[in-house]
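Notes to accompany the following structure.
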Amino acid sequence: MAKKLVIKVTAGADAPERCSQAFTVAAVAVASGVEVSLWLTGESAWFALPGKAGEFDLPHAAPLPELLDAVLAAGRVTLCTQCAARRDITEKDVIDGVRIAGAQVFVSEAVADETQALVY
C-alpha cells in the first residue's frame, strides 16, 4: 500500500462531482493517516483563494471548505504555478498553508517511492 498520496484536481465548479471526489479522497486519506499532497490545477486553482471554497455547492457532498481545511491541517496543498499565473494569483493572495509550485515539484512527488498519484 502506498504511504503517500499525490492528488491532482483539475476540476472546479465546471465539473463539481469530479472536484468533490478529489477533495473527499484527499480528506479521507489524511484522516486515515496517509501523507497527502493535494495539487490545485485548472479551475480548482480558485480554491486556493480565501472564501472561494465556500462558494462551491454540490448536493449530498461534504462542504468543500471542511475538506480543504482537513487537508491543510495534516497534509500539503499546492497551487500550480502556471494555473496561478493565468489567473493572476500570487503567493500573497492564497490561503495560509497553500504553496505555489510547478511541474518539476509535482513530478518529484508523484514518482517518489511508496507513492500513489491520482488525477481527477
Side-chain angles (χ1 to χ4, degrees):
M1 182 169 126
K3 294 186 179 169
K4 299 175 191 168
L5 187 58
V6 177
I7 300 172
K8 179 186 271 194
V9 55
T10 63
D14 58 326
E17 287 183 304
R18 191 163 26 112
C19 176
S20 179
Q21 290 167 358
F23 279 85
T24 299
V25 168
V28 168
V30 164
S32 300
V34 176
E35 185 179 327
V36 173
S37 178
L38 178 65
W39 282 73
L40 306 177
T41 69
E43 286 302 297
S44 72
W46 296 114
F47 300 129
L49 298 175
K52 288 294 187 179
E55 297 173 8
F56 181 86
D57 183 46
L58 181 63
H60 309 290
L64 202 64
E66 292 178 17
L67 298 173
L68 179 56
D69 286 347
V71 178
L72 282 167
R76 171 177 280 155
V77 178
T78 305
L79 171 58
C80 161
T81 301
Q82 290 182 16
C83 300
R86 281 190 282 274
R87 290 161 180 80
D88 293 321
I89 300 172
T90 66
E91 288 189 6
K92 67 177 176 52
D93 300 318
V94 299
I95 298 167
D96 286 341
V98 173
R99 69 176 176 166
I100 297 177
Q104 180 181 2
V105 176
F106 176 79
V107 170
S108 69
E109 287 186 10
V111 299
D113 291 338
E114 299 186 22
T115 300
Q116 174 70 49
L118 303 173
V119 178
Y120 286 87

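- When all heavy atoms of Leu79 and Ala48 are compared, the closest pair comes out as CD2-CB, 3.9 Å.
- For the atom pair OG1 (Thr78) and CG (Leu38), the distance works out to 8.0 Å, reported to the nearest 0.5 Å.
- Among residues at least two apart or in separate chains, ring-ring contact (aromatic ring centres under 6.0 Å, His included) pairs with a member in residues 88-110 are Trp39-Phe106.
- Nearest heavy-atom pair, Thr90 versus Ile100, reported as atom, atom and distance to 0.1 Å: C-CD1, 3.7 Å.
- Annotation: the span from Leu64 atom CG to Cys19 atom SG amounts to 5.5 Å, rounded to 0.5 Å.
- No continuous path of hydrophobic side-chain contacts links Leu118 to Val105 [ILVMFWY only; heavy atoms under 4.5 Å].
- With hydrogens and angles ignored, the 3.5 Å screen pairs no side-chain donor or acceptor of Thr115 with any backbone N or O of Leu5.
- Side-chain N or O atoms of Thr81 include one that pairs as donor or acceptor with a backbone N or O of Ala101 at under 3.5 Å.
- Applying the side chain to side chain donor-acceptor pair (under 3.5 Å) test to residues at least two apart or on different chains, the pairs with a partner in residues 5-31 are Thr10-Arg18.
- Looking at every heavy atom in both residues, Leu68 comes nearest to Ala53 through CD2-CB, 4.2 Å.
- Looking at every heavy atom in both residues, Val6 comes nearest to Glu109 through CG2-O, 3.8 Å.
- In terms of heavy atoms, Asp96 sits closest to Leu72 at O-CD2, 4.1 Å.
- For Tyr120, the ring-ring contact (aromatic ring centres under 6.0 Å, His included) criterion is met by no residue, not counting sequence neighbours.
- In this structure, Val107 is not a member of the same hydrophobic cluster as Val9, with clusters built from ILVMFWY side-chain heavy atoms closer than 4.5 Å.
- Residues Phe23 and Phe47 form a side-chain contact, since some pair of their non-hydrogen atoms from C-beta on lies under 4.5 Å apart.
- Shown here is Arg87, whose CZ atom has more than 12 heavy atoms of other residues, nucleotides or ligands within 6.0 Å.
- Looking at every heavy atom in both residues, Ile7 comes nearest to Val25 through CD1-CG1, 3.8 Å.
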